[in-house]
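Below is one structure, written out as structure tokens, with a few remarks after it.
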Number of protein chains: 2
Amino acid sequence: MVSLKDIAEKCNVSVATVSKALNGKEDIGKSTRDKIRRIAEEMGYLSNASARALKTNRTYNIGVLFIDQKEAGLAHEYFSKILESFKSHAEDKGYDITFINRTVGGMQSSYLKHCIYRSFDGVAIICADFTDPQIEELATSGIPAVTIDYTYPDCPSVISDNTKGLQELTNYAISRGHTRIAYIYGDDTEVTKKRLMGYYDSLYSANIPIRNEYVIAGQFHDIDVAEAATKQLLSLKEPPTCIIFPDDYSYFGGRKAIFEAGLSIPNDISVIGYDGIQTAKIYGLTTYAQDTTSLGTIACRKLIDAIEGNSYSNDCSIVSGSLFPGNTVAQI
Amino acid sequence: MVSLKDIAEKCNVSVATVSKALNGKEDIGKSTRDKIRRIAEEMGYLSNASARALKTNRTYNIGVLFIDQKEAGLAHEYFSKILESFKSHAEDKGYDITFINRTVGGMQSSYLKHCIYRSFDGVAIICADFTDPQIEELATSGIPAVTIDYTYPDCPSVISDNTKGLQELTNYAISRGHTRIAYIYGDDTEVTKKRLMGYYDSLYSANIPIRNEYVIAGQFHDIDVAEAATKQLLSLKEPPTCIIFPDDYSYFGGRKAIFEAGLSIPNDISVIGYDGIQTAKIYGLTTYAQDTTSLGTIACRKLIDAIEGNSYSNDCSIVSGSLFPGNTVAQI
DNA sequence: TTTTTTTGCGAAAACGCTTCCATCTCGAAA
DNA sequence: TTTCGAGATGGAAGCGTTTTCGCAAAAAAA
């Protein structure tokens, strides 16, 4: 590989001068600068990221935590879209993306140690189990960090407006004449709490009594659980006329139960998802499309602000999505 | 951050000794080695990846090319599952994964230059447009590389057995009594060529004449194109009784056309996908599940072999998948 | 005992880069 | 004329490692 030294020799200048020319420093003659740049280009020079990092303590590398909870991982459209958007924004700004894991040198270690070892300039926690103490350790370690869909104290975050999402969906069902609206909620997380708030709020505002048997626990991205929960709802003496699932994917499980019960959608029962994934939209599922592009971009912008220290805002941005009406909620 | 020097001072030995102790070199006393290791642990020492890379020319970092063709990108289940599997195998072996892009320092450049700049030990080309000259440049640059679903000369690869896949699917349709089997093939790539071979071979072996109007061009992962192609097939004087789609996702487009034509699956027409993605399986789509776990693992193993120089096999591994019968092919 | 071998450890260079500071030149001000 | 300051350039240190080589001490052989 061609190094600064090679260019220096070819140009009859010092290594220091070459470095300055290439980095656009001020104290250098215009003509020498241009010459050095031209020669460097000709020789196909590329700076050595390791050497530069060693000297400057900046890697221009962002660690991304993206954990494969329940085998969904990268294949989970919501998260992978966010990652996609985050990544492309980061690349525009000159940062690369490396996955964080809990090994260093092939040995079990911790997320934080891995990040320190790799000297990431910052980390983005996109998809993770926020109850894992290792995650909290990382988010609050002092390394610039940003979290998505969860907020730690003193760590900037961006979250999807889950309350609003469930409000809009519930309101939509109400506007179509439904009052027996069930909600199968997801895992016990912040996201779920926020969504429940939206659900309760909508019903309350519409003066619809809340029925406990209509609010049952499910899990995110789990077909079997959704199927079982749906069966449970359908077996009530007075079953709901509309079911809201934890997410679009879970809906596919509920659908199975509904069909097996000999019911049709939306004539016999209405259904609603959450996320706005492609395959759900194709089926015309009524859902709430989260704005993954904004989530990723904003998260990245905040992280880079934190890294570079300008206008650093240690707050929580809330991004709202949009209702996708579909055709799975019947007018009553 | 604590460095070798800090440990050396605390232990009253030289930096060289500490390095050797921590790296398990031979010429060092057992007791000093243990002491150094203990102190290092206590002080929370982590070696500096940049410094080490600078000195050794090894980054233990693998570049992964994963390009978002037609907006599918990370959300494409087939590729993201492969990446997932590749990643986890790499991490076990002490390698990290960084995404390749065509910028360096935020400026437009090329994939190869980006990889050189980052000094990746090797690169994996998982999802890309293999006709792009920049990809070929990268694959044949001399940097250890592995490609998936495409083979360049002198570059190890692993490909899914596409010929076999289409043979099995076609044979399955034939075994269910079909003879008017259409195939909407994907983009003009190696993968498509191989699959067409399988399709033709199956029909030929079964003495079923090949009808040109049944073999039409579609695209991978494109719902609209699949919908149009399906319409075209359905409008034939003698439409097929079974349609094989480029992939599971495309099927969702075809499904639309079929329903709009007032037909039902599989009573009026049988359908077959390819890939074995979750949502397709849920719907009972007859498909061919590719073995993404093996694809990722084998690719990673080959790449690391190439990097580390042991038993380096510059060949092409073929991985077969398995038929998922589903219930979308009627018995005739 | 002396000689040889083995073992344990350290000095120092090098990897490629950035940056502080010193030096030198030259035109402008005094 | 001398003095100054600005502009251009280079020397050199240092970032945290690894690794070669040399040296001393201890152990083994003579």
Side-chain angles (χ1 to χ4, degrees), chain A residues 1-37 39-40 43-61 94 104-105 113 115-121 308, chain B residues 1-37 39-40 43-61 94 104-105 113 115-121 308:
Chain A
M1 290 302 89
V2 23
S3 70
L4 288 190
K5 200 172 152 202
D6 301 321
I7 301 176
E9 279 166 9
K10 191 129 181 176
C11 293
N12 282 317
V13 294
S14 75
V15 171
T17 306
V18 178
S19 172
K20 284 187 271 194
L22 264 27
N23 288 309
K25 301 287 177 179
E26 282 311 313
D27 62 341
I28 186 157
K30 201 155 174 20
S31 65
T32 32
R33 195 195 59 192
D34 292 344
K35 179 182 175 192
I36 290 173
R37 289 193 172 178
I39 301 278
M43 297 177 74
Y45 171 76
L46 284 170
S47 81
N48 180 309
S50 302
R52 189 192 295 242
L54 176 59
K55 186 65 189 164
T56 62
N57 272 316
R58 293 277 271 110
T59 54
Y60 285 92
N61 204 352
V104 22
K113 290 197 172 174
C115 293
I116 293 174
Y117 165 66
R118 281 291 175 192
S119 312
F120 294 133
D121 288 343
E308 303 186 344
Chain B
M1 290 301 89
V2 23
S3 70
L4 288 189
K5 200 172 151 202
D6 301 321
I7 301 175
E9 280 166 8
K10 191 129 182 177
C11 293
N12 282 318
V13 294
S14 75
V15 172
T17 305
V18 178
S19 171
K20 284 187 271 196
L22 263 27
N23 289 309
K25 302 286 177 181
E26 283 310 315
D27 63 339
I28 184 154
K30 200 153 174 20
S31 66
T32 33
R33 195 194 59 190
D34 293 344
K35 178 182 175 191
I36 290 173
R37 290 193 171 177
I39 301 279
M43 298 177 74
Y45 171 76
L46 284 170
S47 79
N48 179 310
S50 302
R52 187 190 295 238
L54 176 59
K55 188 63 190 164
T56 61
N57 272 316
R58 295 275 273 110
T59 55
Y60 285 92
N61 203 352
V104 19
K113 289 196 172 173
C115 292
I116 294 174
Y117 165 66
R118 281 291 175 192
S119 312
F120 294 134
D121 288 343
E308 303 187 344

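In what follows, every heavy atom counts, from backbone to side chain, and hydrogens, waters and symmetry copies are set aside.
Under a cut-off of 6.0 angstrom, the local environment of CE in Met43(A) is crowded, with over 12 non-hydrogen atoms contributed by other residues, nucleotides or ligands.
In this structure, Asn23(B) reaches the sugar-phosphate backbone alone: every heavy-atom distance under 4.0 Å involves primed, P, OP1 or OP2 atoms, never a base. Contacts of Leu22(B) with the nucleic acid, taken as non-hydrogen atoms under 4.0 Å apart, are absent. Among the heavy atoms of the strands lying under 4.0 Å from Lys25(B) are primed sugar atoms or P, OP1, OP2 only; no base atom is included. Among the atoms of the strands shown, only primed sugar atoms or phosphate atoms (P, OP1, OP2) are found under 4.0 Å from some heavy atom of Thr32(B). Contacts of Asp27(A) with the nucleic acid, taken as non-hydrogen atoms under 4.0 Å apart, include base atoms. Residue Ser47(B) is in sugar-phosphate contact alone, with no base atom involved, counting any heavy-atom pair closer than 4.0 Å across all strands shown. Within the nucleic acid shown, Thr56(B) comes within 4.0 Å of sugar-phosphate atoms alone, with no base atom in reach, counting heavy atoms only. Residue-level contact check: Ile28(B) touches the backbone only, with heavy atoms under 4.0 Å from sugar-phosphate atoms and none from bases. Residue Asp6(B) is classed as having no contact, given no heavy-atom separation below 4.0 Å to the nucleic acid. Residue Ser3(A) is classed as a sugar-phosphate contact, given heavy-atom separations below 4.0 Å to backbone atoms only. Within the nucleic acid shown, Val13(A) comes within 4.0 Å of sugar-phosphate atoms alone, with no base atom in reach, counting heavy atoms only.
For the pair Leu22(A) and Ala40(A), the tightest heavy-atom approach, listed with the atom from each and the gap, is CD1-CB, 4.1 Å. The two residues Asp121(A) and Thr59(A) come nearest to each other via the heavy atoms OD1-N, 2.9 Å. Of all heavy-atom pairs between Leu54(B) and Ala51(A), the closest is CD1-CB, 3.7 Å. Considering all non-hydrogen atoms of both residues, Tyr117(B) and Leu46(A) come closest at N-CD1, 4.3 Å.
Chain B approaches DNA chain C within less than 4.0 angstrom (heavy atoms of the protein), and the contacting nucleotides run 5' to 3' from dG8(C) to dG16(C). For DNA chain D, the span of nucleotides reached by chain B at under 4.0 Å from its heavy atoms goes, 5' to 3', from dG16(D) to dT19(D).
Between the side chain of Asn61(A) and the backbone N or O of Phe120(A) there is no donor-acceptor pair closer than 3.5 Å. One N or O on the side chain of Asp6(B) and one on the backbone of Ser3(B) form a donor-acceptor pair closer than 3.5 Å. At distances below 3.5 Å, at least one donor-acceptor pair connects side-chain atoms of Arg37(A) with backbone N or O atoms of Ala21(A).
Taking the side chain as every heavy atom from C-beta outward, Leu4(B) and Tyr45(B) approach each other to under 4.5 Å. When side chains are defined from C-beta on, Lys35(A) does not count as touching Lys10(A), because their heavy atoms never get closer than 4.5 Å. Proximity of Arg52(B) to Asn23(B): side-chain heavy atoms (C-beta onward) are separated by under 4.5 Å at one or more points.
Axis angle between the ends of the helix from dT1(C)-dA30(D) to dA30(C)-dT1(D), five pairs each and rounded to 10 degrees, works out to 60°.
Atoms OG and NZ, on Ser19(A) and Lys25(A) in that order, are 7.5 Å from each other to the nearest 0.5 Å.
Where Leu4(B) and Ala16(A) each meet DNA chain D at their nearest nucleotide, the meeting point lying more 5' is that of Ala16(A). Taking for each of Thr17(B) and Ala51(B) the nucleotide of DNA chain C with the nearest heavy atom, the 5'-most of the two is the partner of Thr17(B).
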